[in-house]
Amino acid sequence: MAATLGLDWALDWLHRAGAVLAEQRMALIELDRVIGDADHGENMERGFTAALAKLEAAPPATPGAALKSVAMTLMSTVGGAAGPLYGTAFLRAATALGDAEELDDAALLAMLTAARDGIVARGKADPGDKTMIDAWTPAVDAAGAAVGQGPAAVLRAAADAAALGAEATEPLVARKGRASYLGERSAGHRDPGAQSTSFILRAAADAAGNA
Amino acid sequence: MTVGILVVSHSAKIAEGACELGAQMAPDVRLEAAGGTDDGRIGTSLEKVMAGVDAANTGDGAVILCDLGSAVMVAESALEFLGDPSDVALADAPLIEGLVAAAVAAQGGAGVAAVKAAAESALALQVQARIDGTVLLNGAGVRSASGPEPSRSVGGVIVEDFEVLNQLGLHARPAAVLAGYLGGLDVAVDINGADGQSVMMLMTLAAAQGSVLHVKASGPDARRAMDFIAEQCRSGFGEL
């Protein structure tokens, strides 16, 4: 296992994220159809397809530059609330990384923390509101506990916690976003944003496992 | 130049229509529309918003008005990308009411903070006006039986009455003309209990044809203000 992760990992992560979002497009649409407006899967796939094309057209020099490029594209192509939320997450993550070329455990934790804090600041949701925060927050906590075990372990801990966090949104009543219009009827369904967060963080861990 | 205004909406048509409405009341204000996604769908686009901020800010700053939730998030994100410029502000206001109030304030020469405040007070003023409706509408919105009284000066305050002559009354455009001009003067103007420098307050008067505007003006520019109101009323706000 590599002691640090670099640009190759970041690009592999983003490509894997794009692939899983394309593959899970219908699953996300179905989750969003029940408690939202059924556009999350389509929006995320379109956003990542555009983001990957942009990375091809203008290759970034550092992991931070790659994340910033993705941030910009997501905010202009996704359309729904997920655009500015994921866009802000990637932008703040990029800012946290600066122009570092190699990322150690602490850098990855800083990246995940900045991403989560960006989503909180932009979306003004709290844990338990049945949003993507419910996947991000346990992911950041688990990553923090795994610091010192190597980058792959940090990202794996984050991905595992995000998956559990997404699952744990099922019984919650939504208090933010479109699903909150449904009130009690939103309970019993998984939040699509928490699920896409879980996919994206799993892609980061899978890329690190291969680095 | 004046403070510019950017309208961010999920719909290109709403953004453009809002600008069209604002332009009628504030012909000298740079109004920019950022509606819809880059490929013309319903949604908001960071690139459109960033380009809109650039276009709206011609050197004197800009104020952004948004429609729904994610439009606000995109506007906030755009400002973050632009390094949070100090001369651009995001107004927390209802889109149309806020835009009209902001455009008129900008037309009158107000700075970024004042234009933002005008937008944000639009809804509160309307609500307050409805609560105070019995006071405000007393003598306005209804035909006056007594008709206008001659000019008089009471303790440095010029007091004059004018009849609304045009068919449509003191509707949005004339209200914007009055508030826009008066807003640039050093004067306090009270028209039937409403602030003459606030387009929203003037509109809440619902002063119809034949109603009387009871105007009290004080301050260094009181005479200029009164002359302007007199001329506007005489010409039926240019609609006779």
If you check every heavy atom in residues 126-138 of chain A against those of chain B, which residues fall under 4.5 Å? none
Pull out the residues in residues 83-116 of chain A that come under 4.5 Å of chain B, heavy atom to heavy atom, sorted by number. A:Pro84, A:Leu85, A:Thr88, A:Leu91, A:Arg92
Checking A:Asn43 against chain B: side chain, backbone, both or neither under 4.5 Å from a heavy atom?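 Side chain only.
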Check the surroundings of atom NZ in A:Lys54: do more than 12 heavy atoms from other residues, nucleotides or ligands lie under 6.0 Å from it?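 Above 12, so yes.
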Considering residues, nucleotides and ligands other than B:Asp87, do more than 12 of their heavy atoms fall under 6.0 Å from its CG? yes
How far does OG of B:Ser70 sit from CE of A:Met75, to the nearest 0.5 angstrom? 12.5 Å
In terms of heavy-atom contacts, B:Met73 and A:Ala81 come closest through CE-CB, 3.5 Å
Residue by residue, scan residues 32-42 of chain B and write down, ordered by number, those that have a heavy-atom distance under 4.5 Å to chain A; if none do, write 'none'.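 So the qualifying residues are B:Thr37, B:Asp38, B:Asp39, B:Arg41.
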Applying salt bridge (Lys or Arg N to Asp or Glu O under 4.0 Å), name anything that partners B:Arg173, two or more places apart in sequence or on another chain. B:Glu239
